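Keep in mind it's a predicted model, so treat the numbers as computed, not measured.
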Amino acid sequence: MSYVHYDAGGPDVNDREVLNSEYVVIENRGCEAVNLRGWQLMDEVNHVYVFPSITLESGASVKVHTGYGTDTDTDLYWGRRWGAVWNNDGDTAYLYDGSGNLVDSCSWTGDEGGAVSCH
């Protein structure tokens with residue numbers, strides 16, 4: 001995980017554009033390609049996104065948007081039509097592999113100005 005844009009800058013209710021402005025960037029910093037099928041992205045209250053079969057080459061990244069849209073190689077969509085996932089006043093994003101092992105996490109307090117670099 002390299003970046004979380006947790007404050008979409010509008011009402012966190014049911015606006016597609018606003019919900020898609022809230023996202024997490026997952027980056028493969030390893031030396032080998034990784035298929036993320038079955039991996040999970042989760043917040044502190046167990047909102048869960050399960051990754052489809054997508055392969056991240058070494059150095060590649062993908063954005064996981066809170067809202068809905070058509071998945072591509074660079075943008076994935078949680079599919080939420082109502083309500084933000086990431087809390088503006090502090091939260092943690094957790095990334096688990098397909099076996100349930102914690103791979104990465106990123107926390108913020110809300111004082112970072114709407115987004116946080118994770119590493």
Participant: May I ask you to decide if Asp111's main-chain N or O and Thr109's side chain share a donor-acceptor pair within less than 3.5 Å?
Facilitator: yes

Participant: How close do Ala93 and Leu41 get, counting heavy atoms only, and between which atoms?
Facilitator: CB-CD1, 4.4 Å

Participant: Is any side-chain heavy atom of Trp108 less than 4.5 Å from a side-chain heavy atom of Val4?
Facilitator: yes

Participant: Can you measure from CZ (Arg81) to OH (Tyr68) and round to the nearest 0.5 angstrom?
Facilitator: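 Separation between the atoms: 5.0 Å.
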
Participant: Centroid-to-centroid, Tyr96 to Trp39, below 6.0 Å?
Facilitator: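 Ring centres of Trp39 and Tyr96 not closer than 6.0 Å.
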
Participant: Looking at side-chain heavy atoms only, is the closest gap between Asp43 and Trp86 below 4.5 Å?
Facilitator: yes

Participant: Is there a donor-acceptor pair closer than 3.5 Å between any side-chain N or O of His5 and the backbone N or O of Ser21?
Facilitator: yes

Participant: Output yes when a side-chain donor or acceptor of Glu22 lies under 3.5 Å from a complementary backbone atom of Asn20, and no otherwise.
Facilitator: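 Checking the backbone N and O of Asn20 against the side chain of Glu22, no donor-acceptor pair under 3.5 Å is found.
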
Participant: Side-chain contact, heavy-atom cut-off 4.5 Å: His65 with Leu76?
Facilitator: no

Participant: Ignoring hydrogens, what is the shortest heavy-atom contact between Tyr3 and Ser117? Give both atom names and the distance.
Facilitator: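 So the minimum-distance heavy-atom pair works out to CD1-OG, 3.8 Å.
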
Participant: Show the nearest heavy-atom pair for residues Asp104 and Met1, with the distance to one decimal.
Facilitator: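 Looking at all heavy atoms of both residues, the shortest contact is OD2-N, 2.8 Å.
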
Participant: Does Arg37 count as lying over the ring of Phe51, i.e. NZ or CZ under 6.0 Å from the six-ring centre, within 45 degrees of the axis?
Facilitator: no

Participant: Please tabulate, one pair per line, all N/O donor-acceptor pairs under 3.5 Å involving side-chain atoms of residues 25-33, not counting sequence neighbours.
Facilitator:
residue: Asn28; atom: OD1; partner: Gly30; partner atom: N; Å: 2.8
residue: Asn28; atom: ND2; partner: Glu32; partner atom: O; Å: 2.8
residue: Asn28; atom: ND2; partner: Leu56; partner atom: O; Å: 2.9
residue: Asn28; atom: ND2; partner: Glu57; partner atom: O; Å: 3.4

Participant: Side chains of Val62 and Ile54, heavy atoms from C-beta outward: is any pair under 4.5 Å?
Facilitator: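 Yes; the side chains approach each other to less than 4.5 Å.
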
Participant: Do Tyr94 and Glu44 meet the criterion of a side-chain donor-acceptor pair at a distance under 3.5 Å?
Facilitator: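 Distance-only check fails for Tyr94 and Glu44.
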
Participant: Would you compute the distance between atom OH of Tyr77 and atom OH of Tyr23 and round it to the nearest 0.5 angstrom?
Facilitator: 11.5 Å

Participant: Could you check whether any side-chain N or O of Asn35 sits under 3.5 Å from a backbone N or O of Ser53, counting only pairs where one atom can act as donor and the other as acceptor?
Facilitator: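 Not a single qualifying donor-acceptor pair exists.
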
Participant: Taking atom CG as the centre, does Asp73 end up with more than 12 heavy-atom neighbours from other residues, nucleotides or ligands that are less than 6.0 angstrom away?
Facilitator: no

Participant: Any side-chain heavy-atom pair from Val85 and Trp78 closer than 4.5 angstrom?
Facilitator: yes

Participant: Under a 4.5 Å side-chain heavy-atom rule over Ile, Leu, Val, Met, Phe, Trp and Tyr, are Leu36 and Met42 clustered together?
Facilitator: no

Participant: Check whether any side-chain heavy atom of Cys106 sits under 4.5 Å from a side-chain heavy atom of Val116, and report yes or no.
Facilitator: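 SC-SC contact between Cys106 and Val116 confirmed.
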
Participant: If you compare all heavy atoms of Pro52 against all heavy atoms of Asp71, which two are closest, and at what distance to 0.1 Å?
Facilitator: CG-OD2, 4.1 Å

